[in-house]
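Worth knowing before you read on, the calculation uses all heavy atoms, side chains too, and leaves out hydrogens, waters and symmetry mates. Each chain gets a letter, A, B and so on, in the order its sequence line appears, and its residues count up from 1.
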Number of protein chains: 2
Amino acid sequence: MPGGRPRSFDADTALDRALEVFWRHGYEGTSLTDLTTAMGINKPSLYAAFGNKEELFAKVLARYLDGPGAYTADALAAPTGREVVERLVRGAVDLVAGEDTPHGCLCVNSVHACGPDAHAVRRDAIAVRKAGEAALRRRLEQATDLPSRHDPATLAALVHTITDGIAVQAAAGRGHDELRRIGDLALHAVLT
Amino acid sequence: MPGGRPRSFDADTALDRALEVFWRHGYEGTSLTDLTTAMGINKPSLYAAFGNKEELFAKVLARYLDGPGAYTADALAAPTGREVVERLVRGAVDLVAGEDTPHGCLCVNSVHACGPDAHAVRRDAIAVRKAGEAALRRRLEQATDLPSRHDPATLAALVHTITDGIAVQAAAGRGHDELRRIGDLALHAVLT
DNA sequence: TTAATTCTGTACCGATTGGTAGGAAACTAG
DNA sequence: CTAGTTTCCTACCAATCGGTACAGAATTAA
């Protein structure tokens, strides 16, 4: 029954281009023209394939978590609590200060999109962050090799805070090597 | 010789209103209408008194550093290195999670204003951050009471990273008490 | 070939953006 | 009072914002 004219672009590729643009310029700093130019399609095609700007961003955020952000899930699978935290911090450094990607973290950026049209975006980003921290807390509750002077919830929040700080530092221009040193010092302090 | 019609508003008060709005909604999320409404003046008055949006933001940023951000300079005057770091972290928690002020840090927010019209704003914010960290590094170089396993530059960068993270956490909705606990855990880890 | 369907491209929509022109209003100096 | 100066207010500007109407092009099913 259906048929119809076939799409002249690959949806996943276009989504990756949109991710790059949102990541680099933020939700509010990205215009539909920026998006259509980067994606190589026209506005009606964008709307037909991805919905409006908000919905496109939601899809982009999901793709970010599944792609560049996938290291977090891997890290939680590490055998020891120490290693979980190490891989989270070092993975954050690699993600937010990568050579071929925009500096900073899409999710952290989105928390700071606080204009009138960005409520949904901010809410989504905060929900994602909350879920990630909850997963980390549950993982740390299972660990037996961590300094016992603090509860897992606070430790998870501290690790989250440190990776947030690393993202800000990268967004502000700090390079990968320096961030690596800062992260290692943080790890040494937290895990001792 | 001059004279002229007197101003019908107080410039400093208006600047404080502008600070509140920029702090809460970010540079890109704040429109001139938002500003003039909050400041209680019309656009031509705003332009005559403060220049364009960029220049107004620069004045607001300076006022932020002199007002809510003044605790940093105070902290650097503390007698011991430990106390300097403690006051910086606890001061950051109080600033970014205050009851009567927007949550988050104006300076950290501004680093994430990466739209096309926000280059100058981002540059200013980064310059301010760099200067602050340099002052902290110089202060820590003088300290004799800190764990000697790391150089002052990396320690200053780590403290900066932690306060950045605290700002993000506050912007994402974490409350003051929880942030205080996270900050104390971080202090314990870094200063031991 | 024809009908039905789906996508593409142009051209447009109202609303809002940052910014300004120009005259009335309010003050000081003479 | 008058001249000069500065601010205030209304109304407006071009440009851009996110979003869409509509017609033609490309496909499948019959």
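In this structure, B:Leu32 atom CG and C:dG18 atom C1' are separated by 5 Å, rounded to whole Å. If you take CZ of B:Phe57 and P of C:dG18, they are 14 Å apart, rounded to a whole angstrom. Atom CD in A:Glu28 sits about 14 Å away from atom C1' in C:dT17, given to the nearest Å. Distance B:Ile41 CD1 to C:dA25 P: 21 Å, rounded to the nearest Å. Spacing between atom OH of A:Tyr27 and atom P of D:dC17 amounts to 13 Å, rounded to whole angstrom units. Note: CG (B:Asp34) to P (C:dG18) measures 8 Å, nearest angstrom.
Nearer to the 5' terminus of DNA chain C, by closest-nucleotide assignment, is the contact made by A:Pro6 (compared with the other of A:Pro6 and B:Ser31).
Of the charged side-chain nitrogens involved, at least one lies within less than 4.0 Å of a carboxylate oxygen, so that B:Glu141 and B:Arg137 count as a salt-bridged pair. Using a 4.0 Å cut-off between charged side-chain N and carboxylate O, A:Arg24 and A:Glu20 make a salt bridge. Electrostatic pairing of B:Asp184 and B:Arg180 counts as a salt bridge here, judged by a charged N lying under 4.0 Å from a carboxylate O.
Distance check, rounded to the nearest 0.5 Å: NZ of B:Lys130 to CZ of A:Arg174 gives 9.0 Å. Rounding to the nearest 0.5 angstrom, the gap separating the CD1 atom in B:Ile182 from the CG atom in A:Leu155 is 10.5 Å. Distance check: A:Arg17 CZ to A:Asp10 CG gives 10.0 Å after rounding to the nearest 0.5 Å.
Within 6.0 Å of the CZ atom in B:Arg90, the count of heavy atoms belonging to other residues, nucleotides or ligands exceeds 12.
Residues in residues 167-192 of chain B take part in these ring pair (Phe, Tyr, Trp, His ring centres under 6.0 Å) pairs, two or more places apart or across chains: A:His150-B:His188.
Across D:dA25, D:dC17, C:dA24, the shortest atom-to-atom separation from the side chain of A:Arg5 is found for D:dA25.
Remark: nothing in residues 111-125 of chain B comes within less than 4.0 Å of DNA chain C through any heavy atom. Within residues 42-55 of chain A, the residues that place at least one heavy atom under 4.0 Å from DNA chain C are, in residue-number order, A:Asn42, A:Pro44, A:Ser45.
Looking at heavy-atom distances under 4.0 Å, A:Thr36 makes no contact with the nucleic acid at all.
At least one cation-pi condition fails for A:Lys53 and A:Phe22: the charged atom is not both under 6.0 angstrom from the six-membered ring centre and inside a 45 degree cone around its axis.
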